[in-house]
Amino acid sequence: MTGYIDVGGGMRGVYGAGVLDRCIDDKIEFPYYIGVSAGSANIVSFLAGQRGRCLRFYRDYSSRREYMSLYNLVKNKEYIDLDYVYTTLTQEGGEDPIDYDALMKNKCEFYIVSTDAATGKTEYFDFKELKQNDFFEIKASCCIPLVSKPIRRNGRTFFDGGLSDPIPVKRALDSGCDKIVVTLTRPETYHKKHWMSLKAAGAVPGKYPEMAKLLKESPDRYNDGLEFLKELEAQGKALVIAPESCCGVSTLSRNKENILALYKKGYEDAGRIADFLK
């Protein structure tokens, strides 16, 4: 069984959107998917067959102050309003709704990665848990600490899945995958730096000690996951799709030209997938 993983990365996730739009054009599908953070949103649109939908979110809607802005930070105490993105725009009757019926008809396995704020452990949501007009699991996966308000349900609080399992290759292997296509949104040579995570950890409220710990450890988790992925790649068990450069796009970028350039890179680089699957 061949799996597909999209690790997300905020606005850099547009690279993965390009990869999956190319898969739609090349009629490539997988039996198993894992999405982390923005990667989970990319896969949802892909499985619903909505080519180009994610590009609109990254390039067009992100420039709206309701999406992400200092206005949001002052008014709502969060820079990115996940309710606007995954409810107002995405719900039935919204400006750019998910084709929920098409999504639910898909017979694949797809897991959405999030992090339990209290325990620091990874939560893998089955996409079949998604409800019409309720994309709680996607919000939970995309909730970056200090950028968006914590996502809560049934007494539990969730944050971005990339904190606890940034490159969930082992999860895919444990689920029965023998080959994996992994989309990264940074160059394959990139390694996370500790000083950035230490600074972010220091700003996390004291009621989330496990999240502060995860932020401190996140560079090691990412870097170790990357090294393991490279080992699999050397064995012919994995294909890594990663940009040579990020085209000036960072986690919270809004430059439309740069975002489109990174999308096009993803689309072009995804041409390697067909040969890997032969």
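Here the structure is a predicted model, which is why all the values come from computation and not from measurement.
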Any donor-acceptor N/O pair, Ser62 side chain to Tyr58 backbone, under 3.5 Å | yes
Can we say Arg56 and Asp60 salt-bridge, meaning some charged N sits less than 4.0 Å from an Asp/Glu carboxylate O?
-> no
Quick one: does Thr90's side chain have a donor or acceptor within less than 3.5 Å of a partner on Val85's backbone?
-> yes
Is it true that Leu252 and Ile259 fall in one hydrophobic cluster, defined by side-chain heavy atoms closer than 4.5 Å?
-> yes
What pairs meet the salt bridge (charged side-chain N to carboxylate O under 4.0 Å, His left out) rule with one or both residues in residues 71-83, with sequence neighbours excluded?
-> Asp83-Lys139
Proximity of Phe110 and Phe127 rings by center, below 6.0 Å | yes
Treating Ile, Leu, Val, Met, Phe, Trp and Tyr as nodes and any side-chain heavy-atom pair under 4.5 angstrom as an edge, say whether Tyr4 and Val113 lie in one connected cluster.
-> no
Are there more than 12 heavy atoms of other residues, nucleotides or ligands under 6.0 Å from atom CD of Glu257?
-> no
Kindly work out whether a path of hydrophobic side-chain contacts (I/L/V/M/F/W/Y, heavy atoms less than 4.5 Å apart) joins Leu70 to Leu146.
-> no
Stepwise side chain to side chain contact (heavy atoms under 4.5 Å, CB included) check, Tyr33 with Leu47 | CA-CA 10 Å; Tyr33 301 83; Leu47 294 180; 3.7 Å; yes
Begin from the C-alpha positions of Val240 and Leu184 and carry the test side chain to side chain contact (heavy atoms under 4.5 Å, CB included) through to its verdict.
-> CA-CA 7 Å; Val240 180; Leu184 306 177; 3.7 Å; yes
Residue Glu244 excluded, over 12 heavy atoms near CD under 6.0 Å | no
Taking it one step at a time, do Leu214 and Thr115 satisfy side chain to side chain contact (heavy atoms under 4.5 Å, CB included)?
-> CA-CA 10 Å; Leu214 281 177; Thr115 303; 3.5 Å; yes
Can you check whether Ser63 reaches Lys256 side chain to side chain, under 4.5 Å on heavy atoms?
-> yes
Glu129 side-chain N/O to Asp126 backbone N/O, donor-acceptor pair under 3.5 Å = yes
SB check Arg156 Glu123 (cutoff 4.0 Å) = yes
Going by heavy atoms in the side chains, are Pro97 and Glu92 under 4.5 Å from each other?
-> no
Side chains of Lys170 and Phe228: closer than 4.5 Å at any heavy-atom pair?
-> yes
Rounded to the nearest 0.5 angstrom, the OG-CG distance for Ser164 and Asp116 is 9.0 Å
Rounded to the nearest 0.5 Å, what separation is found between the OH atom of Tyr32 and the CD1 atom of Ile180?
-> 8.5 Å
Using a cut-off of 6.0 Å, state whether more than 12 heavy atoms not belonging to Gln132 lie near its atom CD.
-> yes
Distance (rounded to the nearest 0.5 Å) between Arg152 CZ and Cys143 SG | 9.0 Å
Rounded to the nearest 0.5 Å, how far apart are CG of Asn76 and CD of Glu66?
-> 10.0 Å
Salt-bridge contact Arg22-Asp25 (side-chain N to carboxylate O under 4.0 Å) = no
Could you tell me whether Arg53 and Asp96 make a salt bridge, using a distance below 4.0 angstrom between a side-chain N and a carboxylate O?
-> yes
Salt-bridge criterion met for Glu95 and Arg64 (N-O under 4.0 Å) | yes
Arg171 and Asp174: salt bridge (Lys or Arg N to Asp or Glu O under 4.0 Å), yes or no, with the steps?
-> CA-CA 5 Å; Arg171 172 76 179 190; Asp174 291 343; over 6 Å; no
Are Ile5 and Phe30 co-members of a hydrophobic cluster defined by side-chain heavy atoms under 4.5 Å apart?
-> no
Decide yes or no on side chain to side chain donor-acceptor pair (under 3.5 Å) for Tyr263 and Asp21, but give the supporting numbers first.
-> CA-CA 9 Å; Tyr263 167 86; Asp21 277 355; 2.7 Å; yes
If every non-hydrogen atom of Leu239 is compared with every non-hydrogen atom of Ile273, which pair is closest and at what distance?
-> CD2-CA, 3.8 Å
Correct closest heavy-atom pair for Val36 and Ser141 would be C-OG, 3.7 Å
For residues Pro243 and Leu262, report the shortest heavy-atom separation together with the two atoms involved.
-> CB-CD1, 4.0 Å
Of the options Asn42, Asn258, Leu55, which is the one that meets Val14 in a side-chain contact (heavy atoms from CB on, under 4.5 Å)?
-> Leu55
Look up atom OG in Ser114 and atom CD1 in Ile138, then write down how far apart they are to the nearest 0.5 Å.
-> 10.0 Å
Going hydrophobic residue to hydrophobic residue with side-chain gaps under 4.5 angstrom, can you get from Ile241 over to Leu229?
-> no
Just checking, Arg12 and Tyr15: is the charged tip under 6.0 Å from the six-membered ring centre and within 45° of the axis?
-> no
Give a yes or no answer on whether the side chain of Ser45 reaches the backbone of Gln50 with a donor-acceptor pair at less than 3.5 Å.
-> no
Kindly indicate whether the side chain of Thr157, heavy atoms from C-beta on, has any atom under 4.5 Å from the side chain of Ile151.
-> no
Taking atom NZ of Lys121 as the centre, does the number of heavy atoms from other residues, nucleotides or ligands within less than 6.0 Å exceed 12?
-> no
For the pair Asp26 (side chain) and Ile28 (backbone), establish whether a donor and an acceptor sit closer than 3.5 Å, ignoring hydrogens and angles.
-> no
Looking at side-chain heavy atoms only, is the closest gap between Ile43 and Ile112 below 4.5 Å?
-> no
Measure across Asp6 and Leu20 and return the closest heavy-atom pair with its distance rounded to 0.1 Å.
-> OD2-CD1, 4.4 Å
Sub-4.5 Å side-chain heavy-atom contact between Met11 and Arg254 = no
Specify the closest pair of heavy atoms between Asp269 and Ala242, including all atoms of both residues, with the distance to one decimal.
-> OD2-O, 3.7 Å
Nearest 0.5 Å, what's the CG-CZ distance between Asn106 and Phe46?
-> 8.0 Å
Test Met1 against Lys179 for side chain to side chain contact (heavy atoms under 4.5 Å, CB included), laying out the working first.
-> CA-CA 7 Å; Met1 179 170 68; Lys179 297 181 71 175; over 6 Å; no
Taking C-beta and beyond as the side chain, do Glu109 and Pro31 meet within less than 4.5 Å on heavy atoms?
-> no
When the aromatic ring centroids of Phe136 and Phe158 are compared, is their separation below 6.0 Å?
-> yes
Does the gap between the ring centers of Tyr124 and Tyr111 come in under 6.0 Å?
-> no
Give a yes or no on whether Lys237 atom NZ has more than 12 heavy-atom contacts from other residues, nucleotides or ligands under 6.0 Å away.
-> no
Closest non-hydrogen atom pair, Ser37 against Ser40 | O-OG, 2.6 Å
Would you find more than 12 non-hydrogen atoms of other residues, nucleotides or ligands less than 6.0 Å from Lys230 atom NZ?
-> yes
Side chain to side chain, Lys264 and Leu260, heavy atoms closer than 4.5 Å | yes
